[in-house]
Amino acid sequence: MTLSPILIEGDFHPDQEKTYVHLPFDIPAGITRLDVEIAYTDKISAEPMVEGGNTIDLGLFDERGNGWMSPGFRGWSGSERLHVFISENDATPGYLAGPIHPGRWVVHLGLYKLAPRGCHYRIQVRLTEGASIPVDPPVDLPAGDLPASPIPGEHHAPWLRGELHCHSYHSDGRLSPDEVVALARSKGLDFLALTDHNTIASQRALAACSDPG
């Protein structure tokens with residue numbers, strides 16, 4: 001059952017540009033999914049040369065806190081999405097699925113661009129309650145030392161071809177991590193680094209790839 005939505009509404013002024021704003025809301029017990037939708041006036045692209053309007057980045061923290069490196073960080077989608085969700089076993093790309101514990105959560109906004117006339121925003125949080133479902137164990141991120149060079153003795157390692165800066169749909173890319181890996185292989189790359197903005201969701205997805213190799 002979906003509860004009555006929580007509405008958060010207000011205005012930002014031009015002198016708040018390039019700052020972050022935390023907007024708290026409370027989640028009761030028994031919630032198995034939350035949806036957050038943001039709307040704001042004079043929306044424009046995040047491209048640096050586009051001016052005159054508003055660009056707002058969106059993220060979420062849970063009840064464990066919203067400080068620097070807090071374990072409460074649940075995801076970030078920048079200005080790429082206006083609607084995101086988190087449930088126990090699924091989430092919008094860029095966000096971490098998992099239990100939704102009661103307490104004070106926070107919508108985290110990055111005020112990247114603000115128009116000279118300011119910005120009016122409206123956030124709607126929809127909470128769905130129901131019976132809890134089994135939660136899949138999280139995929140551990142790769143850890144440990146780097147492998148030894150495959151070239152024995154004093155020989156130098158060969159040149160490798162790869163991509164050091166690449167995004168998936170966990171931020172502003174268009175492909176899933178599996179699809180990015182497949183594309184890299186089709187191009188003959190030896191290595192690939194996913195560098196999605198401000199989220200580790202893509203790293204967990206990459207670790208769970210059927211053939212991350």
Side-chain angles (χ1 to χ4, degrees), residues 3 5-29 31-48 50 53-115 118-128 138 141 167-173 194-205:
L3 305 183
I6 299 169
L7 298 179
I8 307 171
E9 193 168 9
D11 297 285
F12 296 127
H13 304 287
D15 58 1
Q16 292 177 276
E17 187 176 85
K18 302 297 190 292
T19 65
Y20 292 97
V21 175
H22 295 156
L23 302 174
F25 62 96
D26 293 321
I27 289 187
I31 299 302
T32 55
R33 171 173 169 141
L34 68 92
D35 291 72
V36 176
E37 186 169 358
I38 182 172
Y40 55 92
T41 55
D42 301 321
K43 184 180 184 299
I44 60 172
S45 164
E47 292 294 327
V50 178
N54 301 305
T55 305
I56 296 179
D57 297 332
L58 175 64
L60 277 174
F61 286 84
D62 66 24
E63 85 291 345
R64 291 171 293 176
N66 61 347
W68 169 248
M69 298 297 287
S70 167
F73 181 68
R74 292 298 287 265
W76 180 264
S77 48
S79 61
E80 190 68 13
R81 294 181 173 89
L82 298 176
H83 170 229
V84 301
F85 80 93
I86 293 176
S87 70
E88 295 178 319
N89 265 322
D90 197 8
T92 298
Y95 292 78
L96 301 179
I100 301 174
H101 295 300
R104 177 147 294 183
W105 288 50
V106 167
V107 174
H108 183 66
L109 301 182
L111 309 184
Y112 179 46
K113 297 178 186 178
L114 291 177
C119 174
H120 182 78
Y121 68 91
R122 186 175 189 268
I123 295 169
Q124 180 172 262
V125 180
R126 297 191 305 276
L127 305 178
T128 302
L141 297 180
H167 295 171
S168 74
Y169 67 8
H170 283 274
S171 60
D172 54 2
L194 280 182
T195 55
D196 284 302
H197 297 293
N198 304 328
T199 179
I200 63 170
S202 59
Q203 302 303 311
R204 293 191 181 278

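Note: hydrogens, waters and symmetry copies are ignored here, and every other heavy atom, side chains too, is used.
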Taking all non-hydrogen atoms of both residues, which atom of [X] and which atom of [Y] are closest, and how far apart?
X      : Y      : answer
Leu109 : Phe12  : CD1-CZ, 3.9 Å
Asp172 : Glu80  : CB-OE1, 3.4 Å
Pro102 : Ala29  : CB-N, 3.7 Å
Pro5   : Arg126 : CB-CG, 4.2 Å
Asp35  : Phe85  : OD2-CB, 3.4 Å
Ala115 : Pro14  : O-CG, 3.4 Å

Find out whether [X] and [Y] are in side-chain contact, i.e. whether some heavy atom of one side chain is under 4.5 Å from a heavy atom of the other.
X      : Y      : value
Lys43  : Leu82  : yes
Cys119 : Ile56  : yes
Tyr121 : Leu23  : yes
Glu63  : Trp105 : yes
Arg81  : Leu58  : no
Ile86  : Val84  : no
Pro48  : Tyr112 : yes
Leu96  : Phe73  : no

Judged by atom type as modelled, is there a donor-acceptor pair below 3.5 Å linking the side chain of [X] to the main-chain atoms of [Y]?
X     : Y     : answer
Arg64 : Pro71 : yes
Thr92 : Tyr95 : no
Asp42 : Asn54 : no
Ser70 : Gly65 : yes

Spacing of [atom1] belonging to [X] relative to [atom2] belonging to [Y], to within rounding of 0.5 Å:
X      : Y      : atom1 : atom2 : value
Leu3   : Thr128 : CG    : OG1   : 7.5 Å
Ile8   : Gln124 : CD1   : CD    : 10.5 Å
Glu17  : Thr55  : CD    : OG1   : 9.0 Å
Leu34  : Leu127 : CG    : CG    : 6.5 Å
Asp57  : Leu111 : CG    : CG    : 8.5 Å
Leu114 : Thr41  : CG    : OG1   : 9.0 Å

### Worked check of side chain to side chain contact (heavy atoms under 4.5 Å, CB included) between His167 and Thr195
CA-CA 6 Å; His167 295 171; Thr195 55; 3.5 Å; yes
### Task
Could you name each residue pair satisfying salt bridge (charged side-chain N to carboxylate O under 4.0 Å, His left out) that touches residues 94-115, not counting sequence neighbours?
Asp26-Arg104
### Task
Verify the distance criterion only: is there a donor paired with an acceptor across the side chains of His120 and Asp11 at less than 3.5 Å?
yes
### Query
With sequence neighbours left out, what residues match His22 under ring pair (Phe, Tyr, Trp, His ring centres under 6.0 Å)?
His108
### Query
Can you check side chain to side chain contact (heavy atoms under 4.5 Å, CB included) on Asp196 and Trp76, steps first, answer last?
CA-CA 10 Å; Asp196 284 302; Trp76 180 264; over 6 Å; no
